[in-house]
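Notes to accompany the following structure.
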There are 2 protein chains.
Amino acid sequence: MAIPRAAKTLRRTRIQEEKEEQILEAALDVFSVSGFRGSTIDQIAEVAGMSKPNLLYYFRTKEAMHRALIDRVLFNWLEPLRAFDAEGNPESEIRSYIRRKLELARDFPRESRLFANEMLQGAPHVLDMLKGPLKELVDEKAAVIRTWIKSGKIVHCDPYHLIFSIWSTTQHYADFDVQVRAVLGEEHSGDGRFEDAARFLEQLFIGGLRPDRSGA
Amino acid sequence: MAIPRAAKTLRRTRIQEEKEEQILEAALDVFSVSGFRGSTIDQIAEVAGMSKPNLLYYFRTKEAMHRALIDRVLFNWLEPLRAFDAEGNPESEIRSYIRRKLELARDFPRESRLFANEMLQGAPHVLDMLKGPLKELVDEKAAVIRTWIKSGKIVHCDPYHLIFSIWSTTQHYADFDVQVRAVLGEEHSGDGRFEDAARFLEQLFIGGLRPDRSGA
DNA sequence: TGTAATGTTTACCAATCGGTCAAATTATCC
DNA sequence: GGATAATTTGACCGATTGGTAAACATTACA
């Protein structure tokens, strides 16, 4: 007789570890493409290579699966922003922030798309996190940027929109990958495009934020 | 007895005009949030305020509805890029391109999200258009940008990634609207945020593309 | 090695899905 | 106003959906 599933987390088996991993991996595949509503348990079960009831033995509902996935992904997703350091100098901090975000887009495009899908749907599962922890983190980093502005290290600008623009430009290469590939053509669709993107974005942001030397 | 639906386009009734408009409007509401797979005909019918069979009288399948919607939206979506003019000077052209794209994001966010959903799903319905007409248009505009670079009007950079970065930064305000609002907080979630965004992005791109006067 | 806990499968359920059909209703035009 | 075309509806269909029940198989551990 199986334990009530609520108690399952008390002690985790080897098999539990493996299967849950397997399921979340498959769920990421499916959710990141079709979004929550558009994905089916059957689909995920097939990708995971197990029967639907077996999958439901580990995650009782589709919601639970999605929630577990989001929880696991979000932490890593914010890591680069957390690393944004007030002590460092603006140019290298921004440069390395762009690098990190671009690496995430390259190495974890499904995670990026999972998040993008959630946003498009109005963030029904993560709205509290956006308004709480995310906002606080961004507020904090915006304050850092403001000190850079006040000390004349970068041009006067809105720190929030600066952060938004770094997010959007870098995530674009994961979320709109198919469009990027289509426009660049077969020849420039290798991993080299990430190097090109990094070079361009660093140039754009470093150049665009350099304090104005003509005016004052 | 109703006409075979294939002949319907020969002469269009007043009612046809109205109802099809009504349906596409509702379909835009639904598809832009849930994507193709995640949306249901019943949902759209309810938003459109008509019965499902009635809706299916005008569009035989969900696919047909989606296709009609995409077709109608895509043309307008590319208009700003088409307006990108080789004769104008780079600064004002880029400035007004950003403005136009940002206005689209503000005034037609559902259209932007419809497109974003399609991209996330791998562009199953528009891949040919991306590889064909879109690529050609972008190639053409990239050539324009290259002439600006050659004549020293803007800094040397990759024109494709420049275009991508304008797309992503502007569309971000439609596609990730919920995140932008959450991070900015209630007080900055009015329409004023588009003015702030415009000011920041113009500054970023104009500054970032200004030819380097320190080097040469 | 036995047994209890854990894991898996087959069969199934009610609800919803995309879509059809024929009958009923409404608009159009002479 | 009547015939005819256009529109709308309710009832329905088979397939798929998220999820369950219970029998069956396997594992861990004493």
Side-chain angles (χ1 to χ4, degrees), chain A residues 1-27 29-31 33-69 121 124-125, chain B residues 1-27 29-31 33-69 121 124-125:
Chain A
M1 187 205 330
I3 326 179
R5 276 176 270 218
K8 223 181 44 186
T9 43
L10 290 181
R11 232 187 295 172
R12 290 166 59 90
T13 349
R14 189 199 86 238
I15 296 182
Q16 261 172 48
E17 212 91 44
E18 288 175 8
K19 289 294 165 91
E20 285 177 11
E21 176 59 39
Q22 213 177 115
I23 291 169
L24 289 180
E25 174 70 17
D29 258 17
V30 175
F31 280 136
V33 169
S34 303
F36 182 75
R37 286 223 46 188
S39 304
T40 72
I41 301 182
D42 298 79
Q43 238 179 312
I44 296 170
E46 194 190 329
V47 173
M50 62 182 80
S51 68
K52 179 165 66 171
N54 195 7
L55 184 153
L56 285 166
Y57 173 74
Y58 293 99
F59 295 93
R60 270 184 301 202
T61 64
K62 193 167 103 166
E63 287 261 8
M65 223 159 54
H66 190 255
R67 195 162 34 244
L69 196 53
Q121 282 156 40
H125 305 97
Chain B
M1 189 203 327
I3 324 180
R5 275 176 267 219
K8 223 180 43 184
T9 43
L10 290 182
R11 232 187 294 171
R12 290 167 59 90
T13 333
R14 189 198 85 239
I15 296 182
Q16 261 172 45
E17 213 90 45
E18 289 174 7
K19 290 293 165 91
E20 285 177 11
E21 177 59 38
Q22 214 177 115
I23 291 169
L24 289 181
E25 174 70 16
D29 257 17
V30 176
F31 281 136
V33 169
S34 304
F36 182 75
R37 287 223 46 188
S39 305
T40 71
I41 300 181
D42 298 78
Q43 237 179 315
I44 297 170
E46 193 189 329
V47 173
M50 63 182 78
S51 67
K52 178 165 67 170
N54 194 9
L55 185 152
L56 285 166
Y57 173 74
Y58 293 99
F59 295 92
R60 270 184 302 200
T61 63
K62 193 167 103 168
E63 287 260 7
M65 224 160 53
H66 190 255
R67 195 163 35 245
L69 196 53
Q121 281 157 41
H125 305 98

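These values consider heavy atoms only, across backbone and side chains, with no hydrogens, waters or symmetry-generated copies.
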Measure from NZ on B:Lys19 to P on C:dT26 and round the result to the nearest Å. 12 Å

Could you pull out the closest heavy-atom pair between A:Ile44 and A:Ala26, with the gap in Å? O-CB, 3.6 Å

Interatomic distance where CD belongs to A:Glu63 and P belongs to D:dT17 [whole Å]: 17 Å

When rounded to whole Å, the CD to P distance for the pair A:Glu46 and D:dG18 reads 13 Å

Under a 4.5 Å cut-off applied to non-hydrogen side-chain atoms, are A:Ile23 and A:Met50 in contact? yes

Would you kindly give the NE2-to-P distance between A:His66 and D:dG18, to the nearest whole Å? 13 Å

Give every pair of a protein N or O atom and an N or O atom of nucleotides 9-16 of chain C that lie under 3.5 Å apart, one pair per line with the distance.
from  : atom 1 : to      : atom 2 : distance (Å)
C:dT9 : OP2    : A:Ser51 : OG     : 3.3

What is the separation between atom CD on B:Glu17 and atom P on C:dT28, rounded to the nearest whole Å? 13 Å

Considering only side-chain heavy atoms of A:Leu56, which listed nucleotide, C:dT8, D:dG19, C:dG18, is closest? D:dG19

The reported gap from CD in B:Glu25 to CG in B:Leu69 (rounded to nearest 0.5 angstrom) is 9.5 Å

CD (B:Glu46) with more than 12 external heavy atoms under 6.0 Å: no

B:Ile41 CD1 to D:dT16 P, in whole Å, measures 15 Å

Using whole Å, what does the distance between atom P of nucleotide D:dT17 and atom NZ of A:Lys62 come to? 9 Å

Nearest-angstrom distance from the residue atom CD1 of B:Ile44 to C1' of C:dG18: 11 Å

C:dG19, D:dG18, C:dG7: which one has an atom nearest the side-chain heavy atoms of A:Gln16? C:dG7

Applying the side-chain contact (heavy atoms from CB on, under 4.5 Å) test to A:Glu63, which of A:Met65, A:His66, A:Arg60, A:Arg67 qualifies? A:Arg67

Any side-chain to backbone donor/acceptor pair from A:Lys62 onto A:Ser39? Under 3.5 Å, distance only. yes

